[in-house]
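A, B, ... follow the sequence lines: proteins, then strands. Residue 1 opens every chain.
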Amino acid sequence: MKAHVHVTLKPGVLDPQGKAIHKALSGLGFEGVEQVRQGKVIELELSETDPARARESLRDMCEKLLANTVIENYAIELDV
Amino acid sequence: MKAHVHVTLKPGVLDPQGKAIHKALSGLGFEGVEQVRQGKVIELELSETDPARARESLRDMCEKLLANTVIENYAIELDV
Amino acid sequence: MSDDTVSKVIPPNVIAQHGLSGEEYERILEIMGRAPNLLELGIFSVMWSEHCSYKSSKVWLKTLPTAAPWVIHGPGENAGVIDIGEGLAAIFKMESHNHPSFIEPYQGAATGVGGILRDVFTMGARPVANLNALRFGDPEHPKTRHLVAGVVEGIGGYGNCIGVPTVGGEVNFDPGYNGNILVNAMTVGIAPQDRIFTSQASGIGNPVVYTGSKTGRDGIHGATMASAEFGEGAEEKRPTVQVGDPFTEKLLVEACLELMATDAIVAIQDMGAAGLTSSSFEMASQGGLGVDLDLDRVPCREDGMTPYEMMLSESQERMLMVLKPEREELARRIFEKWDLDFAVIGHLTDSGRMVLKMHGEIVGDLPIDPLAQAAPEYRRPYVNTPQAPSLAPSEVPAPADTGAALLRLLACPDLCSRRWIWEQYDHMVMADTAARPGGDAAVVRIHGTNRGLAITTDCTPRYCQAAPHDGGMQAVAEAWRNLTATGARPLAVTDNLNFGNPERPKVMGQFVGCVQGIGEACRALDFPVVSGNVSLYNETNGKAIPPTPTIGAVGLIEDLARTATVAFQAEGEDIVLIGAGEGHLGASLYLREIEGRREGAPPRVDLAAERRNGDFVRGLIENGQVTACHDLSDGGLAVALAEMALAGSLGAVLSLPDDGGLPPLHAWLFGEDQARYLVTVPAAGPVLKAARGAGVPAAKVGTTGGETLTLPGGAPISLDELRAAHEDWLPAYMGDTAEN
Amino acid sequence: MKAAVIVFPGSNCDRDVQVALAEAMARHAPGTAPVMVWHKDADFEKVDLIVLPGGFSYGDYLRCGAMAAQSPVMKEVVGRAEKGVPVLGICNGFQILTEAGLLPGALIRNASLKFVCRDVNLRVETGQSLFTSRYEQGQTIRVPVAHHDGNYIAGGEDVARLEDRGQIAFRYCDPEGALTGPSNPNGSAANIAGVFNETKTVLGLMPHPERLADPALGGTDGRPMFDGLVEALS
Ligand SMILES: Nc1ncnc2c1ncn2[C@@H]1O[C@H](COP(=O)(O)OP(=O)(O)O)[C@@H](O)[C@H]1O
Ligand SMILES: [Mg+2]
C-alpha cells in the first residue's frame with residue numbers, strides 16, 4: 001500500500017524557507033502571492049494491506065521520526 | 001485562492017533523504033517499509049481568483065523556480 | 001488607557017505564572033503607584049526574571065576582576081571588548097541556550113548561535129569565530145544520541161550558513177546532564193577601536209528604529225522559561241520554541257556593518273531574551289532617558305498581535321537602534337538594499353518612562369529607572385560543598401596493562417576525538433583559520449595581518465563538583481594554559497555559569513565556590529572577566545546538573561610564524577615535560593574510566609606555578625625553540641603524548657626521567673596534576689638549562705620517532721591502533737557506518 | 001586583466017576568493033584587482049573572468065543555488081558565458097551554475113545527509129583548460145570541501161558522455177589518486193568533484209581552492225588554479 005505523510009510547520013512557527021521563496025517569487029515579478037509555506041511529503045510503500053493497521057504504524061513513525069512534533073504537524077494519507 | 005505545489009524527484013533520481021529515512025525506520029523496528037521517497041510541498045496563498053490563470057502562473061513559477069526540472073517533477077493542486 | 005488594559009486586579013495565579021513572588025509583586029505596586037495591567041506585569045516579569053536581572057548572581061559577579069589596561073569595555077555591554085593592538089579590538093561573549101536545546105535541539109542550538117552572534121556584531125564587530133561548549137547526558141540515556149545529533153546539526157546549520165567559522169569548543173558526557181543538557185555558544189569578533197557601538201541612547205527626540213525580521217508570536221516568555229526549573233509541565237512550554245533564520249541574520253550582519261561604517265548610529269541593541277522589552281529598556285536606561293513606542297508600527301508576522309505579545313516576543317534576528325534623525329533615510333536605504341524590515345517605531349523622550357501606545361491609546365506606562373534599579377537582588381543562603389577527601393596514588397590500583405588503559409581512555413566519551421562534530425562545522429570559511437579544531441586552542445588570523453587570536457573554552461565539571469572553588473580555578477587555569485600552548489598571550493575571559501536551582505543552599509554554595517575560584521585565578525593570572533552569562537535552574541525534578549562554569553578565553557599571537565601546534569614535527573626530537581607532578585588521581589578520568597570510581601579531591605591548582613611554567617613555555621615558543629607543544633589535562637601525560645603522536649602521525653618512546661622520586665607508574669602516566677606541558681625540541685639540553693634558571697621543573701621524558709608509541713615497561717602500540725581507538729567511538733555511537 | 005566576483009545575498013566566501021584571486025593578480029598581473037559585483041547590478045563592466053563564490057545564497061532555501069540562479073545578474077552572466085567569457089563557480093557557485101543551466105547535472109544532499117568540512121584529495125582529470133593549465137593531468141591535490149549538498153548527479157546526461165567529452169575536471173580520490181568510496185565525501189556519481197561546460201570555459205567545483213592558497217593556512221594546492229587563470233587571461 002502506498003502512503004503519503006504530509007509534514008507542515010505549525011501555524012505561527014516561522015518558516016524561513018517559505019519567506020525566502022515568497023521574496024524570490026516577487027523578485028521574479030509574480031504578483032498576487034500572499035503567503036508561501038514550505039512543507040515535506042514523505043511517500044512510503046508499505047507491505048501492510050490493512051488500512052487501519054497501516055495508519056496506526058504511520059502515526060507511530062510520524063511521532064518517532066518523520067515529524068518534529070515540537071514545531072510540525074503531520075497528516076497521513078493512504079492510497080486505497 | 002490556495003494552491004499546493006508538489007515537487008518530487010523524478011523516478012530513478014537518487015534520493016539520499018528518502019534512503020536515510022528508510023534506514024532509520026528499519027532501525028526503529030518498523031517492518032514492511034518497502035520504499036521511501038521524500039518530496040516537497042509548497043503551499044501558496046494567491047490573490048488570483050480565476051483557476052485557469054492561477055494554474056498558468058503556478059506552472060510558470062514551477063518552471064522558473066519551484067522545481068528543478070532536470071531532476072524533479074511537479075504537480076499543481078488548486079483548492080477550489 | 002484602553003479597556004482591555006485598564007488596571008484590573010490581577011489574580012495571584014497569573015502573578016505566579018509570570019514567575020513573580022508575592023513580595024516582588026508588592027514592590028511592583030509600589031513602583032507603579034497602582035496595579036499594573038497585564039502588559040506591564042509581563043514586562044516586569046521578564047525584566048525581573050533571573051535571566052535578565054541576575055537577581056541571584058549579581059552580588060557574586062561583582063567580585064570578579066574586570067579591569068586591565070587592555071580592557072576597553074568590561075561586563076555591562078552586550079559583549080566584552082579588549083585592545084588587540086594596531087587600532088583593533090576583539091569583542092566576545094559566551095551565552096547559554098540550554099533549555100531551548102533540550103526541548104528542540106536543532107532550533108535551540110541554532111538560535112543560541114544566532115543570539116550570541118548578534119551580541120557581538122551589535123557592538124560593531126565582524127564575527128570571526130564561533131565556539132561551543134556542550135554537555136550531554138549519559139551516552140546510554142535514550143535521549144542523548146538524538147540531542148547530540150540535533151545540537152551539532154543546529155550549531156552547524158546556523159554558523160555555516162552565516163559564514164562564520166566554528167573553530168572550537170568542548171564536549172562532556174555525564175549522567176548529571178540527562179535531564180538538562182548545556183549548550184554554551186561563544187562568538188569572537190573584531191572591530192576597529194574607533195567604531196565600537198553601545199546601547200547607551202542619547203538625544204531627546206531621536207528616532208528609535210526597528211530592523212531585521214518581523215515579530216511573531218514565537219518565544220513568548222522564553223526568558224522566564226530559561227529561569228524556571230523543568231518539571232512535569234515542561235511539555236506545555238513547547239510553543240515557545242523559536243526557529244532561526246541564519247540567512248536573515250547574515251543580511252542583518254552585513255547591513256549593520258555597512259551602516260556602522262557611517263556616522264548614523266547613536267545606540268544599538270539586539271533584541272535577545274525578552275525582545276523589544278529589554279532592548280528598549282536597556283537603551284533608555286543606559287542613557288537615563290525615556291522612550292515612547294508606537295506599537296502599531298512594529299513589523300508583525302501575524303495579524304492581530306497584542307501589545308503583550310509584541311513586547312514579549314522573542315522572535316529572532318531583530319535589532320533596535322537609535323539613529324541621528326538626519327541619517328534616517330541613509331539607514332533606510334541600506335536596510336532596504338539588504339531586504340530587511342525597517343521601521344521607526346518611536347522616539348526618545350526626557351520622561352524617564354516607557355510609554356507604549358497602540359491605536360492611539362496608551363496601553364502601558366512604566367518608569368524606567370525604578371524598574372531597572374529596583375530589580376530584586378538576592379543574597380541567597382548557601383552552604384559550602386564539603387571538602388572531598390584527598391586520594392593518594394597508592395589508593396588507586398595499577399592497571400594490568402598500561403597500554404590497554406591508555407587505549408580505553410583515548411576511546412572514552414570524554415576524551416575521544418570530536419572530529420565527527422567539527423567536520424559538520426565549517427571551520428575554515430573566512431580563510432583565516434590558522435589552527436583548526438583539534439589542538440589546544442583555535443587560532444584565527446586577524447584578517448590581512450600575520451597576527452592571530454587564540455581562542456578556547458574550558459571547564460572540568462567533575463572537578464567543580466568535587467570542589468567548586470578549586471574547580472573554578474582550574475577552569476580558568478586550563479583556559480589560560482590552552483592559549484599559552486599555542487604561543488599566545490592570554491588576554492581576557494568570558495564565562496558562562498551553568499548551575500542548578502540557586503534557591504537551594506547546596507547549589508548556591510557551588511555557585512559561590514566556583515565564582516570565588518574563578519575570581520582568584522583571574523586575578524593571579526591577570527586575566528580579567530570582560531563578559532559572561534549566568535544560567536541557573538538547570539535541573540529536572542530537583543536534580544541539579546554538575547556545577548559547570550564554562551570559561552571562554554582569548555589570547556593574542558603577535559607573529560603567526562611563531563606558534564606551536566600539538567603535532568609532533570620530526571623524528572628523533574626530545575620530548576620535555578614542563579611542570580611538576582605528584583601523580584594526582586583524585587577525580588581523574590583514569591579513576592572514573594578504568595576503576596569506575598568517582599571520588600577524591602581534584603588536583604591542586606598552584607597559580608604561581610601556572611604562571612611561571614606558562615610564561616616559560618610561551619617564551620620558548622616565541623623564541624622558536626619548541627617544535628610542538630601540548631598542555632596536560634584530562635588523562636594526564638600518556639593521553640597528551642598519544643594526542644601529539646596522532647596529530648603528527650609520528651610515534652614516540654616515553655621514558656622515565658632520571659631524577660627519581662616519581663609516583664607509581666600509572667599515577668605518573670595518568671595523573672592530572674596542573675600547570676604542565678609537553679614540548680618537543682631538537683635537543684633537550686638548552687631547554688632544561690633554561691628551565692633550571694627560571695625555577696621551572698622540567699625533565700626529558702622521551703624521544704619522537706617511528707610508527708608506534710611505547711610507554712615505560714610496555715609493548716609498543718601502533719599508531720593505527722591508537723587512532724582507531726581515538727577516532728571510532730563517536731561516529732560509531734552516532735550510528736555512522738563506513739558506507740557514509 | 002579584469003575579474004568580477006558576484007555577491008549574492010548569503011554569499012559568504014566572496015571575500016575569500018577575492019583575496020586568493022587578488023594575490024594571484026598581484027603576482028601575475030600587477031596593478032589589477034578583482035571587483036565585487038552586487039547581484040542587482042546586472043550591467044557590470046566588461047571583465048575577463050566571472051567568479052561565483054561559495055556560501056548560502058538565499059540561505060540555500062528551496063534548493064541550493066535556485067534563487068540565485070534567478071537573480072538579475074545571472075541573465076547577464078549566462079549571456080556572457082555563452083559568448084565565451086570564462087566563469088568559475090565554487091561550491092554554492094557550482095550549484096548556481098547547474099541551476100542556471102550553464103553546467104550539466106545537479107547537486108543534491110550529501111549521501112551522509114551531513115554537512116562535511118574537511119580536506120579532500122582531488123585527481124586532476126585534465127590540465128588542458130584555462131582553469132587547470134597549471135596542474136598536470138592525473139596529479140593529486142589537497143583542498144578542503146565544506147558543503148551540505150555536493151552530491152553530484154548527472155541527471156539526464158550520463159557520466160560516460162561527460163567523460164567522453166572531457167567535461168570532468170576533478171574527482172575525489174585517495175592520496176595515491178585512486179577513486180575509492182571512502183575518499184568520496186558526499187556520494188557524488190563517479191567521484192565527480194567538478195565539471196566543465198562543453199567548451200571548458202565554465203567550471204564548477206564543490207571543493208574550495210581559495211581556502212588552501214596561502215601557506216599560513218596549511219597548504220597552497222589551490223593556488224595554481226588562480227595563477228593559471230590570471231596568467232592565461234592577462
Ligand atoms: N558570569 C558573568 N560574568 C561576567 N559578566 C557577566 C556574567 N554574566 C553576565 N555578565 C554581563 O552582564 C551583562 C548582561 O548580560 P546578558 O543579559 O547575558 O546580556 P544580553 O542582554 O546581551 O543577553 C553583559 O555585559 C554580560 O557580559
Ligand atoms: Mg545582548
Side-chain angles (χ1 to χ4, degrees), chain C residues 126 149 152-153 155-166 244-251 253-255 337-340 419-437 443-445 447-450 452 559-561 563 565 731 734 736-740, chain D residues 7-20 22-23 38-40 53-62 64 67 91-92 110-120 143-148 180-182 184-187 208-219 222:
Chain C
R126 176 169 287 281
V152 169
E153 208 186 333
I155 290 171
Y158 209 99
N160 299 347
C161 178
I162 202 161
V164 174
T166 302
D245 179 359
F247 171 55
T248 296
E249 179 120 322
K250 168 73 174 165
L251 302 181
V253 180
E254 298 303 335
K337 166 185 165 188
W338 290 98
D339 270 332
L340 294 164
R419 182 183 307 279
W420 184 89
I421 294 173
W422 80 63
E423 285 192 346
Q424 294 185 60
Y425 300 152
D426 190 338
H427 49 268
M428 292 183 250
V429 63
M430 296 185 89
D432 281 316
T433 305
R436 300 181 188 179
V443 177
V444 174
R445 179 169 60 183
H447 192 68
T449 73
N450 68 341
D559 179 0
L560 285 176
T563 61
T565 70
M734 294 309 296
D736 273 13
T737 49
E739 83 183 75
N740 291 335
Chain D
V7 183
F8 299 95
S11 291
N12 65 30
C13 304
D14 42 336
R15 189 187 76 182
D16 306 359
V17 74
Q18 177 195 22
V19 168
E23 283 173 358
W38 180 236
H39 75 121
K40 284 181 186 161
F56 285 67
S57 57
Y58 297 89
D60 271 359
Y61 298 147
L62 186 64
C64 303
M67 296 186 217
C91 197
N92 195 228
N110 294 347
S112 66
L113 300 194
K114 285 199 289 294
F115 189 95
V116 57
C117 177
R118 64 163 173 256
D119 285 354
V120 296
V143 286
V145 290
H147 59 247
H148 211 162
T180 60
N184 182 343
N186 53 32
H208 287 273
E210 79 279 16
R211 290 191 186 181
L212 275 185
D214 179 345
L217 304 181

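One distance of note links SG of D/Cys117 with CD of C/Glu423; it measures 7.5 Å at 0.5 Å rounding. Here the CD atom belonging to C/Glu153 is positioned 11.5 Å from the CZ atom belonging to D/Phe115, to the nearest 0.5 angstrom. The distance from atom CG of D/Asp14 to atom CD of C/Glu254, rounded to the nearest 0.5 Å, is 7.5 Å. In this structure, SG in D/Cys13 is found 11.0 Å from CE in C/Met428, a value given to the nearest 0.5 Å. Atoms CD and CZ, from C/Gln424 and D/Arg118 in turn, are 11.0 Å apart once rounded to the nearest 0.5 Å.
Between the side chains of D/Tyr58 and C/Asp339, no donor-acceptor pair is found at a separation under 3.5 Å.
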C/Phe247 and D/Phe56: side-chain contact (heavy atoms from CB on, under 4.5 Å), yes or no, with the steps?
CA-CA 8 Å; C/Phe247 171 55; D/Phe56 285 67; over 6 Å; no

- Task: Evaluate salt bridge (charged side-chain N to carboxylate O under 4.0 Å, His left out) for D/Arg15 paired with C/Asp432, printing each intermediate quantity in order.
- Result: CA-CA 11 Å; D/Arg15 189 187 76 182; C/Asp432 281 316; 3.2 Å; yes

Before you tell me yes or no, could you show the steps for C/Asp426 and D/Arg211 under side-chain contact (heavy atoms from CB on, under 4.5 Å), namely the whole-Å CA-CA distance, both residues' side-chain angles and the distance that decides it to 0.1 Å? CA-CA 12 Å; C/Asp426 190 338; D/Arg211 290 191 186 181; 2.9 Å; yes

Query - Worked verdict on C/Arg436 versus D/Asp119 for salt bridge (charged side-chain N to carboxylate O under 4.0 Å, His left out) - result: CA-CA 11 Å; C/Arg436 300 181 188 179; D/Asp119 285 354; 3.0 Å; yes

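Only the side chain of C/Arg445 comes within contact range of chain D, with heavy atoms under 4.5 Å apart. With a 4.5 angstrom heavy-atom cutoff, C/Asp245 touches chain D via backbone and side-chain atoms both. When heavy atoms are compared at a cutoff of 4.5 Å, D/Asp214 approaches chain C solely by way of its side chain, counted from C-beta outward. The part of D/Leu212 that comes within reach of chain C is its side chain, from C-beta onward, which places non-hydrogen atoms under 4.5 angstrom from that chain. There is no contact between C/Leu560 and chain D, counting heavy-atom distances below 4.5 Å. Neither the backbone nor the side chain of D/Val17 comes within contact range of chain C; no heavy atom of the residue lies under 4.5 Å from a heavy atom of that chain.
Top candidate by heavy-atom pairs under 4.5 Å with chain D, chosen from C/Gly156, C/Gly157, C/Cys161, is C/Cys161. In terms of non-hydrogen atom pairs under 4.5 Å with chain D, the most contact-rich of C/Val443, C/Thr248, C/Val253, C/Val429 is C/Val429.
When every heavy atom of D/Leu217 is checked against every heavy atom of C/Thr433, the shortest pair comes out as CD2-O, 3.5 Å. The minimum heavy-atom distance linking C/Asn160 with D/Asn12 is given by the pair O-ND2, 3.3 Å. Annotation for D/Lys114 and C/Trp420: closest pair CE-NE1, 3.7 Å, computed over non-hydrogen atoms.
Counting only distance, with no hydrogens or angles, the side chain of D/Asp16 and the backbone of C/Met430 share a donor-acceptor pair below 3.5 Å.
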